[in-house]
Protein chains: 2
Amino acid sequence: MGSPVKRKDILLQRRREILAAAADLFSRGGYHGVTMDAIAQRARVSKGNLYWYFGSKQEMFQLLFEDIVQTLVGPLVDIMESEWPPRQKLRALASACLDAAEANPEAVRLLWRIAIQPELGELLSAQYSKRIGPFIDYLKPIFTALGDDDPDATAMLYAVSLDALMALAVIGGDTYDRAKLMSVIEKVFMNFGGEKDDQSCLGSSG
Amino acid sequence: MGSPVKRKDILLQRRREILAAAADLFSRGGYHGVTMDAIAQRARVSKGNLYWYFGSKQEMFQLLFEDIVQTLVGPLVDIMESEWPPRQKLRALASACLDAAEANPEAVRLLWRIAIQPELGELLSAQYSKRIGPFIDYLKPIFTALGDDDPDATAMLYAVSLDALMALAVIGGDTYDRAKLMSVIEKVFMNFGGEKDDQSCLGSSG
DNA sequence: GTCTATATTCGGATAGAC
DNA sequence: GTCTATCCGAATATAGAC
């Protein structure tokens, strides 16, 4: 019969299920647009039971947000720490962003939403801002290496464009054409007269 | 004493004041995140009085949204209808977007928010989508004229980047450097080997 | 652990005096 | 036109049985 380990697994599993339901709903309705009733219904548990797993609606939302940031920026970290040549890094970053966006549209929705306006005070958006700054700093030397004469501005535009492309991946519908976008990004952001340093090797998607 | 005309003006003026208060609040909190109490307080009228001017919270929100779309896309129309050469048009469009974003941060917040997820059914976001498609179509021949060999994708990326830059103008803080951004846009989006067609003549801001 | 009440506050909207 | 008072449904959270 169920060992205590297994029991704990089931417990954590339920927690995850509830959080998944909440993630889906929050990403569409935002914090205020979603009721505990709705979450309970979607997760197939009673509303009272929700409060056995989580202390409050707010706690759920914050846990969720941390998960989401992790989900979206996690894949980027590996690339950033790699030793690849500049163009390949830029390509891989863009590709990873689109992968993440296609795989987690709710995460993108929620992240953008919180970026554009914190729903729970400033703490969440601060967490986001803390990421984008270093990311831009990381991009600067890459564009320098590509021969760009104003890497700061290009890095800014690149970072922001990636965010926007993730949004497009989620809401673009027919407008969104991944392959075309990848090639335009390459053409537009990686032609500063610097020498070519590599050939493509990424770009697959789900 | 007050002519009937003047009275009506005062009435409309109050209406505008209330809407302005509502715009500010809605742009931060979204539809569900703002209470009629809060709007009343900010507009310095009683909550009951709000309902003399507007039928419901929802009506206020919808009116507001139409205003906002108008505010943001209005300036673009003039440029789109002009007979300027391609580069100048692109420059002017970007500049106008940044102007509009700097002058109406609440509008940008609200527009992005609704774009990323409709709060009141699909009708509002549909209204937005209806704008972006034609805008991209409008951009295509411009990039063709510039010698771009994939104008569709470039147009898509350009449109999306402008949206992102408006967001950056609102939430970027120190990160946002308008002058630099304008020059990067020019470098990045207007160098396809086509001949130069003009010199700058725009770029002022508030 | 999971459920069914239920307490309680909040928020949109209305009534009606002035 | 503007206010105060109030109705009433909805939503967060708790209590307590099983």
Side-chain angles (χ1 to χ4, degrees), chain A residues 1-65 117 119-121 124, chain B residues 1-65 118-121 124:
Chain A
M1 36 221 79
S3 66
V5 174
K6 188 125 187 210
R7 272 192 197 287
K8 191 152 194 179
D9 279 359
I10 294 176
L11 213 71
L12 289 174
Q13 172 64 15
R14 236 316 174 272
R15 252 181 89 95
R16 272 199 301 275
E17 282 171 16
I18 294 175
L19 271 188
D24 190 40
L25 293 174
F26 277 138
S27 79
R28 288 170 208 286
Y31 182 75
H32 297 291
V34 173
T35 69
M36 291 301 261
D37 270 308
I39 296 172
Q41 191 171 356
R42 161 82 62 129
R44 318 261 218 134
V45 295
S46 73
K47 184 166 59 165
N49 200 10
L50 242 42
Y51 284 87
W52 188 87
Y53 285 98
F54 302 95
S56 69
K57 184 185 181 185
Q58 183 160 341
E59 183 190 318
M60 286 186 67
F61 192 75
Q62 281 169 351
L63 282 172
L64 211 52
F65 181 69
Q117 65 208 198
E119 303 207 47
L120 254 44
L124 295 186
Chain B
M1 330 186 156
S3 65
V5 175
K6 188 128 188 204
R7 274 194 195 285
K8 190 152 195 179
D9 279 359
I10 293 175
L11 215 71
L12 290 174
Q13 171 64 15
R14 242 304 181 276
R15 253 181 89 96
R16 272 199 302 276
E17 282 171 16
I18 294 176
L19 272 187
D24 189 40
L25 292 173
F26 277 138
S27 80
R28 287 171 210 283
Y31 183 75
H32 296 292
V34 172
T35 68
M36 293 299 265
D37 271 306
I39 296 172
Q41 191 170 358
R42 161 82 62 131
R44 319 258 219 135
V45 295
S46 73
K47 185 165 61 159
N49 198 12
L50 241 41
Y51 285 87
W52 188 87
Y53 285 97
F54 302 96
S56 68
K57 184 185 180 184
Q58 183 160 340
E59 183 190 319
M60 285 186 66
F61 192 75
Q62 281 170 350
L63 282 172
L64 212 50
F65 180 69
E119 304 207 44
L120 254 44
L124 295 186

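Lettering of chains follows the sequences in order, A, B, ..., and the numbering in each one begins at 1.
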Residues 21-30 of chain B side chain polar contacts: donor-acceptor under 3.5 Å, at least two apart:
from	atom 1	to	atom 2	distance (Å)
Asp24(B)	OD2	Arg42(B)	NH1	2.5
Asp24(B)	OD2	Arg42(B)	NH2	3.3
Ser27(B)	OG	Asp24(B)	O	2.9

Show me the donor-acceptor pairs, under 3.5 Å and distance only, between side chains in residues 49-56 of chain A and residues at least two apart or in other chains.
from	atom 1	to	atom 2	distance (Å)
Ser56(A)	OG	Gln58(A)	N	3.4
Ser56(A)	OG	Glu59(A)	N	3.1

Exercise. What nucleic acid atoms does Ser46(B) come within less than 4.0 Å of, heavy atoms only: base, sugar-phosphate, or nothing?
Worked result: base

For this session: State the CG-CZ distance between Leu12(A) and Arg16(A), to the nearest 0.5 angstrom.
Result: 6.0 Å

For this session: Evaluate side chain to side chain contact (heavy atoms under 4.5 Å, CB included) for Leu63(A) paired with Arg15(A), printing each intermediate quantity in order.
Result: CA-CA 11 Å; Leu63(A) 282 172; Arg15(A) 252 181 89 95; 3.6 Å; yes

Problem set entry | Nearest listed nucleotide, side chain of Arg14(A), among dG12(C), dT2(C), dA11(D) | dT2(C)

Problem set entry | Backbone of Tyr31(B) reached by a side-chain donor or acceptor of Lys57(B) within 3.5 Å | yes

Exercise. Separation of His32(B) atom NE2 from dA10(D) atom C1', in whole Å?
Worked result: 13 Å

For this session: Write down the distance between CZ (Arg15(A)) and C1' (dT2(C)), rounded to a whole number of angstrom.
Result: 17 Å

Seminar exercise, completed: Heavy-atom closest pair (Ile39(B) atom, Met60(B) atom, distance to 0.1 Å) is CG2-CE, 4.0 Å

Problem set entry | Heavy-atom protein contacts under 4.0 Å, nucleotides 13-18 of chain C, coded B base, S sugar-phosphate only, - none | BB----

Problem set entry | Whole-Å distance separating the CD atom of Gln41(B) from the P atom of dT4(D) | 12 Å

